[in-house]
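Contents: one structure, followed by commentary.
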Amino acid sequence: MTEAPLKALEKIGLHSTKPVHYQLTPAELTEQTVQRKEGVLNDTGALLINTGEFTGRSPKDKFTVKDEITANTVHWNDFNIPLEPKYFDQMHEKLVNYLNTKELWVRDCYACADPAYRLNIRVTNENPWSNLFAYNMFLRPTEDELENFTPEWHIIQAPGFKADPAVDGTRQHNFAMVSFTKKMILIGGTGYTGEMKKGIFTILNYILPQNKNVLSMHCSANMGKAGDTAIFFGLSGTGKTTLSADPNRSLIGDDEHGWTDHGVFNFEGGCYAKTIDLSAEKEPEIYNAIKPGALVENVTFIDGTNKIDFSSKIITENTRVSYPLSFISNALEPSVGKMPKNIFFLTADAYGILPPVSKLTPGQAMYQFISGYTAKVAGTEAGVTEPKSTFSACFGAPFLPLHPGQYAEMLGKKMTMHNVNVWMINTGWSGGPYGVGSRMKLPYTRAMITAALEGKLDNVEFEAHPVFGMMMPKECPGVPTEVLNPRNTWTDKAAYDTKAKDLAQQFIKNFEKYASGVTAEILAAAPKI
Ligand code: ATP
Ligand code: MN
C-alpha cells in the first residue's frame, strides 16, 4: 500500500501489524477468498460465500449518533435509533484495536454517478469477499482519480467483532452505527454485505435532499431509446431489480437513485439481485451475470455438482448476487438518465386485491407514495398462510433519516412540474390471496410495463377500482383481459369484496399519522369503504 492511502487509514486509527491489501482486483480477491477457504467457485466461475449468522439486514441493530448535527434533523423512529456519541467513539476504538491485529482489505470507491454529487468512500474490511462486494456495488475510480483520492466517508466493517450490549449501547452483538459528525459507518458482528450498501444509501438520503436539493429514492431506473426514463419504486421483493433489467431499455440502476433538476442518477456501481428461483428463461440478464467477478451469497450446490441450486432455501430465502453494472449488457455508463416520464410503484400484494396495472392521479400517487404498501407472504413456518401487510413510507422507511413528508413533498413537486405518468403495478397475487391464487406471471407484468411505457394504454378504456379508486385498463397488449380486474380472477367475489375492504381499512389506519400534514387532494385519494 502506498503512503497516501496509508496515512488516511492512520487518521482513523488503523495501523495493522498484518498485511493491508489496497485496491485488489476482483480476480485477486476471489483467489484469496478461495485460498482462505472462505468461498468456492461455481461452474461459471462466480465466487460463492456464506455471510454467516446474518443473511439479511438487521434494522433493529442500526444506530444513528444523536448529536448536534442530527438531534433536530433526523426523524427518530424505529429505523432511526439514537445512539449517544460516547458509544460510537468507544466502538470506533474497540473496532480499530480489533482490526489492527488482522490482515485488512481496503478499497477507495465512491457513490453517485453524477460528478456534481460524488461522495468518496473508503471501505476497510476484515476479509477479501466483503471487499469484493464494495468493488461490485460502489463506483470504481480510475487510476488517475486514485492518485489524489481523499476519502470523505469511511466504512469500517468487521463481521468477526462482537459487541457487548452491556457496555456498548447496542441491542445485541451485531450493529451498524452511523455518525454524520465523524462521517463514518461502523459495522460489526454481521457479515451481511447489504449493511454496507444500505448504510451509504442512508447517509445519502440525509445529505442529498437536505443539502443538495436532490430527491433520493429507493427505486430502480432505466431509459428507453428515446431518452424516456422510467423509475420503479418498491419495497424489498417487489421487482425493482427484476423489472429494471429490460433488454429493450438501458439500465441506469437497480436500487438507489437521485432526481436532480436535470434527470436521474444512480448512487451505485452495481446490482444486488435476488437469486431465489432464478432461471435463464425468466431472467436471462441476471442469470448471465453470474460469472467471474460476481459474488453469490448463501446459495448451495446441486448435490454432487458445482452448479448452484437456485431453488434451495436451505440457508435463506434471501440468496443474492452482486455484480458491477457492466455485467448487464445494456447498462448505461455513466449511469445518468434524463428526466423521468413514467413512475411505477411496485407492490407485491399477497392478498391479491390490488390490480396488476393501474393509473394513478397525482393525489392517488402521493397517497400511495406516503403509504408505501406491500404485503409479504407468510414465513416459511408450516400452517401460517395469512399474508402480512407492510406500510413503509416512501417505499423505503428503513433507509430514510428525514421525515417522510420531506421526500414526499419533493416528489410531488417534481411529478407535477414534469408531468410524469404514475402507475401502480401489483407484482403479487392474482386469483385469490397467497395459498389460493398465484403470483402474477412475470411475462405479464413485463408486458403491462412495456404497454405503459410505449403509450399502448393511452387510448384504451379504463374503469375505477371500486374501493381503491385507481384506474384499471380494460385491455393491455400481451396480457389476458381477465387478469386486469383482480375481482374477476377470484372465484369467490364476496370474499374479494370483504378482503378489499379489510385492506382499505389497513391503509386508512396507517395513514392516520400523516393525515394532518397532507393536502385535501391527497386525503381525498384514500380508499373508500
Ligand atoms: P430488494 O429491494 O430487496 O433488492 P427488489 O424490489 O429489487 O428487492 P427483486 O430482486 O426484483 O426485488 O425481486 C422480485 C422477485 O420476485 C424475483 O425473485 C422475481 O423473479 C420474482 N417475481 C415473480 N413474479 C414476479 C412478477 N410478476 N414481477 C416481478 N417479480 C416477480
Ligand atoms: Mn433489488
Side-chain angles (χ1 to χ4, degrees), residues 55-57 59 136-137 192-195 197-198 201-202 217-222 231-246 251-257 266-268 270-287 289 297-299 310-313 316-323 325 328 344-350 352 354-357 372-377 390 392 394-399 423-431 434 437-450 452 476 478-480 483 486 489:
T55 57
R57 286 178 303 104
N136 284 348
M137 294 307 296
Y192 187 64
T193 53
E195 298 280 8
K197 104 176 202 102
K198 285 300 204 298
F201 186 42
T202 302
M217 309 175 290
H218 187 213
C219 70
S220 60
N222 63 22
I231 55 182
F232 305 79
F233 286 95
L235 292 166
S236 186
T238 57
K240 292 183 299 299
T241 300
T242 298
L243 297 168
S244 59
D246 176 341
L251 180 68
I252 302 172
D254 82 328
D255 201 49
E256 310 172 3
H257 293 83
N266 193 352
F267 294 169
E268 302 181 286
C271 298
Y272 193 36
K274 290 184 196 301
T275 62
I276 197 72
D277 295 327
L278 185 66
S279 73
E281 299 71 46
K282 282 194 217 147
E283 299 182 67
E285 294 280 346
I286 296 171
Y287 189 88
E297 301 177 1
N298 302 319
V299 297
F310 289 109
S311 69
S312 171
K313 301 175 183 170
T316 174
E317 237 182 273
N318 188 31
T319 53
R320 295 264 180 176
V321 57
S322 67
Y323 46 85
L325 273 161
I328 298 288
F344 295 90
F345 293 153
L346 307 176
T347 180
D349 174 21
L354 295 180
V357 55
Y373 166 74
T374 196
K376 293 179 184 151
V377 300
T390 309
S392 182
C394 314
F395 297 102
F399 324 114
W423 309 87
M424 183 145 207
I425 301 285
N426 177 8
T427 66
W429 270 251
S430 173
Y434 175 76
S438 53
R439 192 151 183 196
M440 183 54 62
K441 288 194 172 64
L442 184 50
Y444 292 168
T445 299
R446 290 200 203 275
M448 294 173 208
I449 289 171
T450 302
C476 176
V479 183
V483 308
T489 67

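In listed order, ligands and their atoms are each counted from 1.
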Open item on the list: Walk me through whether S430 and Y444 qualify under side chain to side chain donor-acceptor pair (under 3.5 Å).
Closed with: CA-CA 12 Å; S430 173; Y444 292 168; over 6 Å; no
Open item on the list: Here's a test for you: under side chain to side chain donor-acceptor pair (under 3.5 Å), which of T242, T241, T275 qualifies with E283?
Closed with: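 For E283, the side chain to side chain donor-acceptor pair (under 3.5 Å) check succeeds only for T242.
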Answer with side chain, backbone, both or neither: which part of [X] has a heavy atom less than 4.0 angstrom from an atom of ligand 1?
X: D277; answer: neither
X: T238; answer: both
X: K240; answer: both
X: K282; answer: neither

Open item on the list: Donor-acceptor pair, distance only, cut-off 3.5 Å: does the side chain of S220 make one with the backbone of D254?
Closed with: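 Looks like no, no N/O pair under 3.5 Å.
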Tell me, which protein residue and heavy-atom name are nearest [atom], and how many Å apart are they?
atom: atom 20 (O) of ligand 1; result: E283 OE2, 2.6 Å
atom: atom 4 (O) of ligand 1; result: R320 NH1, 3.1 Å
atom: atom 10 (O) of ligand 1; result: K274 CG, 3.5 Å
atom: atom 18 (O) of ligand 1; result: I276 O, 4.1 Å
atom: atom 9 (P) of ligand 1; result: T242 OG1, 3.7 Å
atom: atom 29 (C) of ligand 1; result: L442 CD1, 3.7 Å
atom: atom 8 (O) of ligand 1; result: G237 N, 2.8 Å

Open item on the list: Applying the ring pair (Phe, Tyr, Trp, His ring centres under 6.0 Å) criterion to F345, which one of W423, Y373, F233 satisfies it?
Closed with: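 The single option meeting the ring pair (Phe, Tyr, Trp, His ring centres under 6.0 Å) with F345 is F233.
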TODO: State whether the number of non-hydrogen atoms from other residues, nucleotides or ligands found under 6.0 Å of K274 atom NZ is greater than 12.
DONE: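 Enclosed: over 12 neighbouring heavy atoms sit under 6.0 Å from NZ of K274.
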Using 0.5 Å steps for rounding, measure from the [atom1] atom of [X] to the [atom2] atom of [Y].
X: S279; Y: F310; atom1: OG; atom2: CZ; result: 9.5 Å
X: H218; Y: H257; atom1: NE2; atom2: NE2; result: 10.5 Å
X: N136; Y: T193; atom1: CG; atom2: OG1; result: 9.5 Å
X: D255; Y: S236; atom1: CG; atom2: OG; result: 8.5 Å

Task: Minimum heavy-atom distance C476-M448, with the two atoms named - done: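 For C476 versus M448, the nearest heavy atoms are SG-CA, 3.8 Å.
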Open item on the list: Please evaluate residues E256 and Y272 with respect to the criterion side chain to side chain donor-acceptor pair (under 3.5 Å), reporting the C-alpha separation (whole Å), side-chain torsions for both, the decisive distance (0.1 Å), and the verdict.
Closed with: CA-CA 11 Å; E256 310 172 3; Y272 193 36; over 6 Å; no
Please could you name the atoms of ligand 1 that [X] approaches to less than 4.0 Å, counting only its heavy atoms?
X: T427; result: 26 (C), 27 (N), 28 (N), 29 (C)
X: D255; result: 2 (O)
X: L235; result: 6 (O)

- [ ] Name all residues meeting the side chain to side chain contact (heavy atoms under 4.5 Å, CB included) criterion together with T316; count only those two or more places apart in sequence or in a different chain, and write none if there are none.
- [x]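 T316 satisfies side chain to side chain contact (heavy atoms under 4.5 Å, CB included) with T55, N298, N318, T319 only.
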Task: Parallel, tilted or perpendicular: rings of F232 and F344 (30°, 60°) - done: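 Judged by the thresholds at 30° and 60°, the geometry between F344 and F232 is parallel.
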- [ ] Could you pull out, from R446, M440, H218, R439, the option with a heavy atom nearest to atom 21 (C) of ligand 1?
- [x]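 Selected option, by shortest heavy-atom distance: R439.
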Task: I425 near ligand 1 by a heavy-atom separation under 4.0 Å - done: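 Contact absent.
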Open item on the list: Can you tell whether the side chains of K282 and D277 come within less than 4.0 Å, N to carboxylate O?
Closed with: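 No, no charged N to carboxylate O under 4.0 Å.
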Task: Contact check: A273 vs ligand 1, nitrogen or oxygen atoms, below 3.5 angstrom - done: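 No; every N/O pair is 3.5 Å or more apart.
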Open item on the list: Keeping to distances under 2.8 Å, can you name the protein N/O/S atoms close to the Mn ion (ligand 2)?
Closed with: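 Protein N/O/S atoms under 2.8 Å of the Mn ion (ligand 2): T241 OG1.
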